Amino acid sequence: MSNPVLVFIDHDRGAVGDDTRQAFAFARACLPDAAVAAVVIGGDTTPAVTGADTIWHVRHAELDDYAPEAWGDALHQLAAEVTPSAIVTTGTERGNEVLAHVAAIADEPFAANVVAATPGAPWQIRRARWGGSLLEDATLTAVLPILSCALHAYPSDPSTTSTTSTTSNPNVAEFVPVLQPDAGRTRIVDRVQVAEGITLTTAPVVVSGGRGVGSEEGFAAIEALAELLGGAVGCSRVVTNQGWRPHADQVGQTGKRVAPDLYIACGISGAIQHWVGMQAAKQILAINLDRDAPMVTKADYAVIGDLHEVIPAIVDEIRRRRAAT
Amino acid sequence: MSALRILVSVKRVPAPGAQITLTADARAIDARNLGFTTSPHEECAVEEAIRLVDTHGGDITVLTVGPPEADEQLRYAISVGAHHAIRVGNEEIASGEDPDPQATARAIADAVLALEAEAGVFDVLLFGNESADSGGFQVGVRVARALGRPIVNGIKAIDIADGVLTARRECDTGFEVYRMPLPAAVGVKEGINLPRYATLPGRLRAKKADVQTIDASPPRGGLATVQFATPAVEVTETVLLGTGADAAGAVVDLLSELGLA
Ligand SMILES: Cc1cc2nc3c(=O)[nH]c(=O)nc-3n(C[C@H](O)[C@H](O)[C@H](O)COP(=O)(O)OP(=O)(O)OC[C@H]3O[C@@H](n4cnc5c(N)ncnc54)[C@H](O)[C@@H]3O)c2cc1C
Ligand SMILES: Nc1ncnc2c1ncn2[C@@H]1O[C@H](COP(=O)(O)O)[C@@H](O)[C@H]1O
């Protein structure tokens, strides 16, 4: 039995996302023989994380809300005590950030965006580069291996969360780190609420527009369709660069990663940097003038035509059928 | 309001289109027919530096660890408003080797210390959230840690007042706010601004600008590339639902099938 693998839990004031299940799947895929120890930093109630064999609850006044430097310090200290066989998490913003801090403190390598890993001396790993459009085979030579898996690379298998002893509460142990007085200097000091309801990353349907939409006003039809379907609006980088939509709507390598049930790509060519942001969609429908656009040839379904005619026709047809029933 | 000394770390990366081809030995991207660019997040970091200096006064140094060809990206930064350009490298890097994240960070941190010994501390170190090609999510954090400066990544708004840097990071429902004392470091995300284009006088200035070079041979870190591979492309049988507005019926049939319409 090897030493446990520490899984950093990305949570916001106690709320965890699906990425945590991906992290457990990743941990068990890498180190099937190791116990999985979840690390929950901050908060004062016993964390309710299922899917781990044990939980480390890391507590300190400086750690209550997210504070990347202090969380990194704390996780590093815990690792020094536990000597895990690896520290892993999913490549969320916080996951990558905290692990980068641990790696920097320990002067150990950190492999982000991992899609496959085999332990050993050295570890053999495969990483997604270019946001996922290229794979890199690499070796990871480390005393303390630190890895994050690429988002959606390890599908959150529900059985992963139930194979463990967690039908009842697994062992929760407390760890109190010793922090420097200024460790909390990069803490969240305030929050600004903007979005409510359906967000781009959680919407079951995303209707996305690209250069083919042609203007800010052109998005009215896309918004109408998204609203009818209970979905969110996305866009390509050309669109944000033109100022037609805010960057928060951008899908792709330097935008958001989405994995909806249906992705409707309107007037988007399907450049690799866009594709990597939505390739995890279950179904893809492309609406494009160009039958040979990569988005069309890679999609499950396609309509060839001018989106300015096609989308209003779809909107009308949905309304017509809804009115008829 | 005191003037700001800002340093921006940028990386030269190839700009691939719809497909990536590899060299025969699979150790690099075949860049013969490709253009090169600055990673998008870093392009926004350069723009943010220009806007901060427009407001507060000061000067901007751009730095890269890269081959002599990376002068193209440094000069681009000068053409839009940066003042000084530094290229850090050695023979291996000049021949195209991309140093690992630990070595890159070491080289940047050492160069920052050398530059600061000459002309004073940088109030702000700007990085991209992640480099476009490697996507390591760590060089900025390592540099900041080595220099003992605070850093937050993923930042989409920066505001500086009274020696305090306020930064906003986008999250699912809005923004998180962070506040750090200067000197500080920030990992910037695309969307923080829309980068400007170079003007003709800017381009002329960039052409004539000096690029200072610094030699560095940092020790290798623990992550080593063996080779690259292109992911298997899933062959999809695309179902054509029709052409033009006439396809609407078939589309809505599909939406109903998926339980959406
Ligand atoms: C490092 C890096 C990171 C990047 N990150 C991202 C990213 O995060 N997200 C992203 O999207 N891009 C990103 N890009 C940019 C990417 O390479 C492409 O330039 C971009 O995705 C193209 O956007 P587009 O498909 O809207 O435009 P185009 O490529 O110009 O495609 C327009 C499409 O619309 C179709 N069309 C035109 N008119 C109509 C009409 N009336 N009806 C129907 N179809 C029509 C055309 O046939 C064409 O297929 C990145 C690039 C780099 C180098
Ligand atoms: N070779 C380099 N030269 C200068 N800056 C770099 C280099 N590599 C990475 N950086 C900086 O560090 C950030 C994070 O890079 P990475 O850790 O590779 O994702 C980038 O956005 C750059 O700002």
Side-chain angles (χ1 to χ4, degrees), chain A residues 68-69 93 96-97 100-101 103-105 108-113 129-131 133-142 185-186 188-195 199 201 205 229 241 243 247-248 254 261-262 271-272 294 296-305 309-310 313-314 317-318 321, chain B residues 16-20 40-41 100-102 132-138 141-142 145 150-154 168 170 172-181 190-191 194 221-231 236 238-245 247-249 251-252 254-255 258 260-261:
Chain A
E69 291 183 286
E93 202 144 61
N96 280 330
E97 185 171 44
H101 276 283
I105 301 164
E108 288 280 358
F110 163 41
N113 277 319
R129 306 242 313 195
W130 283 105
S133 48
L134 191 68
L135 298 169
E136 172 193 1
D137 291 323
T139 53
L140 181 71
T141 308
R185 64 189 171 174
T186 49
I188 294 178
V189 293
D190 201 1
R191 283 182 167 81
V192 183
Q193 182 96 4
V194 180
T199 62
T201 46
V205 185
L229 300 177
N241 277 345
H247 186 269
T254 51
D261 295 333
L262 176 66
I272 200 105
V296 173
T297 57
K298 287 156 103 174
D300 302 287
Y301 303 94
V303 174
I304 307 304
E309 293 164 13
V310 178
I314 297 171
E317 179 65 12
I318 295 173
R321 290 197 199 178
Chain B
Q19 216 167 333
I20 296 182
H41 296 311
D100 67 76
Q102 284 167 287
D133 60 341
S134 170
F137 292 88
Q138 57 189 281
V141 172
R142 289 184 188 275
R145 279 275 175 183
I151 183 165
V152 180
N153 270 338
R168 303 222 288 181
E170 200 182 4
D172 247 5
T173 51
F175 290 94
E176 300 164 350
V177 183
Y178 297 85
R179 222 165 269 142
M180 299 175 265
E190 187 179 75
L194 273 182
L223 187 62
T225 304
V226 178
Q227 62 173 17
F228 292 112
T230 39
T236 322
T238 307
V239 178
L240 283 184
L241 297 176
T243 26
V251 170
V252 181
L254 170 70
L255 295 172
L258 297 173
L260 296 166

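Everything numeric here is computed off the predicted structure, so don't read it as measured data.
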Inset, instruction - Would you mind telling me which of A/Ala138, A/Gly305, A/Ala142, A/Pro109 has the largest number of heavy-atom pairs within less than 4.5 Å of chain B? - result: A/Pro109

Inset, instruction - Identify which of A/Gly131, A/Ala248, A/Ala111 forms the greatest number of heavy-atom pairs closer than 4.5 Å to chain B. - result: A/Ala248

Inset, instruction - State, with a plain yes or no, whether a side-chain heavy atom of B/Tyr178 is found less than 4.5 Å away from one of A/Pro68. - result: yes

Legend entry - Toward chain B, the part of A/Val205 with a non-hydrogen atom under 4.5 Å: side chain

Inset, instruction - Side chain from CB out, backbone as N, CA, C, O: work out which of these in B/Leu223 comes under 4.5 Å of a heavy atom of chain A, or both, or neither. - result: both

Legend entry - Option in A/Val310, A/Leu140, A/Asn96 with maximal non-hydrogen atom pairs under 4.5 Å from chain B: A/Asn96

Legend entry - Straight-line distance of B/Leu241 CG to A/Ile304 CD1, nearest 0.5 Å: 9.5 Å

Legend entry - Contact origin within B/Arg145 toward chain A - heavy atom pairs under 4.5 Å: side chain

Inset, instruction - Search all heavy atoms of B/Phe137 against all heavy atoms of A/Ala112 and return the closest pair with its distance. - result: CD1-CB, 4.1 Å

Inset, instruction - Report yes if some heavy atom in the side chain of A/Arg191 is under 4.5 Å from a heavy atom in the side chain of B/Thr173; otherwise report no. - result: no

Inset, instruction - Would you indicate whether the side-chain heavy atoms of B/Met180 and A/Arg185 approach each other to under 4.5 Å? - result: no

Inset, instruction - With rounding to the nearest 0.5 Å, note down the distance linking CD1 in A/Ile105 to CZ in B/Arg142. - result: 10.5 Å

Legend entry - Between B/Pro101, B/Gly221, B/Gly136, the one whose heavy-atom pairs under 4.5 Å with chain A are most numerous: B/Gly136

Legend entry - Which of A/Thr141, A/Asn113, A/Asp137 touches chain B most, by non-hydrogen pairs under 4.5 Å: A/Asp137

Inset, instruction - Side chain from CB out, backbone as N, CA, C, O: work out which of these in B/Val251 comes under 4.5 Å of a heavy atom of chain A, or both, or neither. - result: side chain

Legend entry - With sequence neighbours excluded, residues passing salt bridge (charged side-chain N to carboxylate O under 4.0 Å, His left out) with B/Glu170: A/Lys256, B/Lys156

Inset, instruction - With rounding to the nearest 0.5 Å, note down the distance linking CD1 in A/Ile314 to CD1 in A/Ile318. - result: 7.0 Å

Inset, instruction - With a 4.5 Å cut-off on heavy-atom pairs, point out which of B/Gly222, B/Gly135, B/Gly191, B/Gly244 contacts chain A the most. - result: B/Gly222

Legend entry - Residue B/Glu176 versus chain A: region with a heavy atom under 4.5 Å: both

Inset, instruction - Output the option from A/Glu309, A/Gln193, A/Glu69 having the highest count of non-hydrogen pairs under 4.5 Å with chain B. - result: A/Glu69

Inset, instruction - Check each atom of A/Thr139 against the heavy atoms of chain B and say whether the ones under 4.5 Å are side chain, backbone, both or neither. - result: both

Inset, instruction - Between chain A and each of B/Asn153, B/Thr230, B/Asp100, count heavy-atom pairs under 4.5 Å; write down the option with the most. - result: B/Asn153

Inset, instruction - Among A/Thr297, A/Thr254, A/Asp261, single out the residue with the greatest number of heavy-atom pairs under 4.5 Å to chain B. - result: A/Thr254

Legend entry - Most contacts with chain A, counted as non-hydrogen pairs under 4.5 angstrom, among B/Ala247, B/Ala132, B/Pro40, B/Gly154: B/Ala132

Legend entry - Side chains of B/Leu255 and A/Leu262 in contact at under 4.5 Å (non-hydrogen atoms): yes

Legend entry - Any donor-acceptor N/O pair, A/Arg321 side chain to B/Gly249 backbone, under 3.5 Å: yes

